[in-house]
Structure formats: C-alpha cells, structure tokens
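Before any comments, here is the structure.
Side-chain atoms are counted along with the backbone in the values below, which use heavy atoms only and exclude waters and symmetry mates. Numbers restart at 1 for each chain; the letters A, B, ... are given by sequence-line order, proteins then strands.
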2 protein chains.
Amino acid sequence: MIEKIHLSILREIARGGSLTAAAGSLNLTQSALSHTMKKLERQCNINLWLKDGRNIRLTEAGSYLLEQANRLLPQFERIDDTLRQFADNEKGSLGVGMECHPCYQWLLKVVQPFLAQSPGVDIDVKQRFQFGGMAALFNYDIDLLITPDPINKESIVFEPVFPYELVLVVSQHSKLNGLSQITPAQLSDQVLLTYPVETARLDIFQQFLLPAQCMPKLHKTLEATDIILQMVAANRGVAAMPKWLALEYANSLPIHLIRLGNSGIHKHIYVGYRKQEKLNKHIQTFITLAKSSGAALPAEV
Amino acid sequence: MIEKIHLSILREIARGGSLTAAAGSLNLTQSALSHTMKKLERQCNINLWLKDGRNIRLTEAGSYLLEQANRLLPQFERIDDTLRQFADNEKGSLGVGMECHPCYQWLLKVVQPFLAQSPGVDIDVKQRFQFGGMAALFNYDIDLLITPDPINKESIVFEPVFPYELVLVVSQHSKLNGLSQITPAQLSDQVLLTYPVETARLDIFQQFLLPAQCMPKLHKTLEATDIILQMVAANRGVAAMPKWLALEYANSLPIHLIRLGNSGIHKHIYVGYRKQEKLNKHIQTFITLAKSSGAALPAEV
DNA sequence: TCTCATGTATGAGAATTATTCATTTATAAA
DNA sequence: TTTATAAATGAATAATTCTCATACATGAGA
C-alpha cells in the first residue's frame, strides 16, 4: 500500500534528480530510500524507475505516482498548517443559539468585534430549536445559548451578560403617549404586538398582565422587530421590548416609552455554555465582548 | 506530521463509533490506536476527541481531520488500484513513431485491434521528429518506431513486420498504362509525385532512378496519400508506393500498377524498440498484431 | 449503591520496521 | 584505463510500533 513517504521520496527524486539528492533533503541516507522504494516495488510488483546509466528514469507507473505526489503532498501540508492553527486556538467555530428574539440586534454588536478579533473562528447563529435551546446546547448543536431565562442545570453554566428593563412602546399618537408608567388594567383596550413565541415565555404576560389577571384587547404576533415598531408608530398597537432596543428607534420613529408598573420589569440577558468548556478561549472571548457590549447601547433618549 | 494511518484511524472511529471497533477493522489493538493518536495529539498539541462518558466525541480539529480523511483516503485507494493495473500490465501508454508516410493507413489496422485487446493502454502516434525517429526512440519520446529503413544500433532492436513491393502507380489514361514493368529511363518525361521527405529517404530515387542516373521531368511533393492518388488518376503525374496501399485504391480510381525494373523493389516494414524493453508486454502485443496485419491487406487486384 | 460490562489511557516489554554502514555493481567522464 | 558518481543490497543496528496487562471512567442493572 502506498504511503506518504513513498510520495515524498518520489517528489524529492523529481526535484533533485537523484536518490542521493533526495536522501539529502529528506535527512535520510540513499540506502534508506532505496530500501523503502524497493520494498514497495516488491509488494506491488511494479517498477517505479529504471536505471539509465547512473541516472534514474521513472517508468510510467513512477511518473503516475509522481503526479499523485505533487497533487497529494501539498494537501497534507495544508492539513498540517490547519492543525497548527487549531493548536494555536486561531481556528474554530462557535455555534450561537438565540432564545431571545429582540437580542438579535444586540448579538450583531458582539459578533462584529469577535470576528475581527478571531479571524480564524467562524460564528454560526441558530434561532430555531426542535427541543429547545438547552437541549441544543446539551447535544452540541450549539456552543453558546443566549437567553433571558436561564435554567438551573448541573452541567450548564449561565453568566449574566447585561441587565435591561422591559418597557412598553406606544405611538406618540396613542392616548397613552406621555405616560411615565402604566398599570396592567390600562392595557385592556390595547392591541398587544409580540414575537410569535408561547405566552409562557413572554414577560409582559408572565410578570405583568397575568399576575393582575388582565389581558389586552387583542394579541397579534409578528416576526420582525422593525415591523412591530412600524406598527406601533402607526398606532396599530403597543409592544413590550427591551428599553435599549426601543431607544435605538426612538429618534427615527414617533414612539414613546413607558415603564411597566411602579418599578419596571428588570431582566438580564444570560449566556450559557457547557461547564466543561469553561476554559474554551473562544467562549470566554465571546462572553467578555458580550459583557462590554452593554456599555455601547443607548441608555436614554 | 499527519500520516495516512491517522486518517485511517479517524475514519474507522467514525464508522464504528469507538476506538475498539476501529481497532477491530484495522486488525490492530485498541491500545495501538490509542497510542498512535495520543502521540499525534502530543506532537501537534491538539485534542482530536474528548471522552464523553465511554464514547468518543470528536473535537473541531478531530472533525476537520475526519473530513480530510474521507476526502484523501479514497484517493489513496484509487492510487493502489491504478498501481495494481500497472502491475497487471493493464495500464500504460505506447508512443508510436512513424517514419513511413504511407504506413499510416496500415497502422490504423493495427491500432484498432490493439486498443480492443488492451483497454487500459493508450496509443499516441507521432509523425514529426526534431532529430529523427531513432533519436525520439532513444530519448523515450516514443516507444516504437515504424520505418522501412532500420538503422543498426546496439540498443535498438528492429523486427521486420511485413514485406511489401514498391510499385509505380500511373493513370489509366497515361501512355504508360498497361505496362507490366518499367525502366528508369521511361520516367524521364514523367512528373513524379512523392511525400515531402528528403530524396535520400525515397527508394524510388535511391534504388531505381539514381543507380541508372535518370531523373523525372519534374518532382512534386504532396502530404496526403489520397491527394497523390487523385493526381495520379487525373494523369497529372506518377507515384511510387507500396503495392498493398495502391491496391486499396485500385477499385475506386482509374489507376494502373507497374513493377519497378525487372524484379521489382522489395522492402520490409520494421518496428523498432529499445532493447531493454524486449519483455514489455504492450510492445510485444503490438508487434504480434503488426505481423498478422500483413495477411489482412489486399494482395492482388 | 454496589457490581458488571464496556470503553479509553498508559507503561513496559516484545515484535516489527526503518535506517545505517559497508560493499558491490554499473556507468560516465577524465 | 582509472576515477568518480550513483544505485542496489545484505547484515547489523536503531527506532518505531504494537501488544499485553492493567488502571481508570462511566453507564446499566441488580
């Protein structure tokens, strides 16, 4: 069976013109190469070269093998290089899972500096999970889970990345415009716009409406943050979202932000990862960037 | 440095799901594989897999290497196959050189059965040589030389392949039509058509005209046999060529064949090859086919 | 929670393979 | 011829790979 060494020897013979020269560049003796190749010739029952005077003339089989050597050996060399990159932690990929709809825009602010800082590392973002984000993390479908709702589990670590306040966004043409805070009952005649996830995962329901046993007049769901805010601006409904996110649009759209209840709903974004990967350089880099990203977000109008 | 064995082990792990299974299919022990891979991991300072319970979970570097294994190993297997074909003499190529213009049509009759008999062997025909056919044979530009004029040389063997008679071809409208033989002097008022090679290599000159110190009225050269014979048929000149070749056209063109001199000019086609390749199966196959091809040629009108 | 079964890691010694050294053979050049 | 250069080869040695025995880790089942 052909081995890498056979290809290497053949390539060096072609480069140097003789076995002796090849032996020099491979740091072996002429004898070693001769033995190695003769053994192959015996095993395969072929001649790779004929002696033409004191030179070597490749046979057809030999020329064929040389071609293959020139094709395959560079590939091995590339593999060695790439492996070195893995060793230096310059190479890799990070699967990021998102269980937090509005966080997408924030994620972009983290991904950008990450990619700049780690040129060899690719980031892949997943937003849909058959069995939920935790399962995806567990099954190695993703390496990081971004969520506002961490679940306490032995083998998964969650780190809070930044705090935010959930606020109500209304149109400046709404009768609610100008309010500084709001009660659940005041939403009873409003159309509530949310992302299309189960109510159980919407804090506006869990922490605000349901405890007060209130419901909005209508509940509509929309995929895109931009569209939700366009709808709000057009006074077609109200929406609850992170304050920092609403603030990003506050200058360009006629919207007004209102605190939910007396003291507001305060949450954290968490990043979760498998405990055993605590030392993974890419994961820690990501988390560091994520934490510092909070400072870059708009704080007030 | 990555070796083939590392790729093989990784591929078998992926196939069998465990080191132990891989060891089985590679006819080695689990211990051997573990040692081999650990050594690579130490050399490269990478982890290729992590133990996940009692299973193996490839790291990114490991997955990368597995991809490469699935890509490269089949190529090695193809090389092994091809080498086996070379060993079985099923694979190769034969460079055939031609120093005999009219032989081209005969060559086709040999090449066809050869290609059918040796499906893995390619034939390449060359007709122009910078330093002559012998030099080409010597320099391994070709493996076989087909010529009517063998040169006695130590390292080249020539074998006669079939005998032929050189005849004069004239138009049925020529005043020479009907003659059964001809003298050199009778060509003095004729236009002689030949292939464009030096007169020294034209037997009609060397063996017929020059010994009698005669010359044709005019000497014109043409590349193609078909055109020469069309010209002859139109009574625009006469030509000397192998009798068997002229006979191939005798039914379709108004031509007449005349013996040169009393007893005719008798020649042989020779096939030459390098002495050291006496045992080359393809060369011997070719020569056998060449010899038997003589029988298939037209003998008389 | 304690076996039992299964799978990987590892050290030491055995087995195998690769490499070198010393020669031989062949050939081109001086 | 002689000399120099290059490949092939046999025997001895060096290096490596592989196996054996065993430790370690984990999941399943009593």
- Query: Backbone N or O of B:S31 within a donor-acceptor pair of the B:S34 side chain at under 3.5 Å?
  - Reply: no
- Task: For B:S34 and for A:L33, locate the closest nucleotide of DNA chain C by heavy-atom distance; then report the residue assigned to the nucleotide nearer the 5' terminus.
- Result: B:S34
- Item | NZ/NE/NH1/NH2 to OD/OE distance under 4.0 Å, A:R84 and A:D81 | yes
- Within the stacking criterion (centroid distance below 5.5 Å, interplanar angle below 30°), does B:H35 stack on C:dT10? yes
- Query: Any donor and acceptor pair, going by atom type alone, linking the side chain of A:S93 with main-chain N or O of A:V121 inside 3.5 Å?
  - Reply: no
- Task: Spell out, as yes or no, whether a donor-acceptor pair under 3.5 Å connects the side chain of A:D143 to the backbone of A:G95.
- Result: yes
- Message: Measure CG/B:L19 against C1'/D:dA25 and give the value in whole Å, please.
- Response: 14 Å
- Query: Of all the choices, C:dT19, D:dT19, C:dT17, which nucleotide is nearest to the side chain of A:L28 once you look at every atom?
  - Reply: C:dT19
- Taking for each residue the nucleotide of DNA chain C with the nearest heavy atom, is it A:S31 or B:S18 whose nucleotide lies nearer the 5' end? B:S18
- Item | Integer-rounded Å distance: C:dT17 C1' and A:L40 CG | 15 Å
- Task: State, without any angle test, whether A:E90 and A:S118 hold a side-chain donor-acceptor pair at a distance under 3.5 Å.
- Result: no
- Rounded to whole Å, the NE2-C1' distance (A:H6 to C:dT19) equals 14 Å
Output one line per pair: protein atom, nucleotide atom from nucleotides 25-29 of chain C, and distance, for all N/O pairs under 3.5 Å.
from	atom 1	to	atom 2	distance (Å)
C:dT27	O2	A:R54	NH1	3.2

- Protein-nucleotide distance (A:K38, atom NZ; D:dA6, atom C1'), rounded to Å: 14 Å
- NE2 of A:H6 to CD1 of B:I79: how many Å apart, nearest 0.5 Å? 12.0 Å
- Message: Distance check needed: D:dT17 C1' versus B:Q30 CD, whole Å only.
- Response: 15 Å
- Message: Assess, by modelled atom type and distance only, whether the side chains of B:Q75 and A:R71 contain a donor and an acceptor separated by less than 3.5 Å.
- Response: yes
- Should A:W49 be listed as having a side-chain N or O under 4.0 Å from OP1 or OP2 of D:dA6? no
- Message: Under 4.0 Å, counting only non-hydrogen atoms across every strand here, what does B:T29 touch: a base, just sugar-phosphate, or nothing?
- Response: base
- Item | For atom CG of B:L50 and atom P of C:dT8, their distance in whole Å | 14 Å
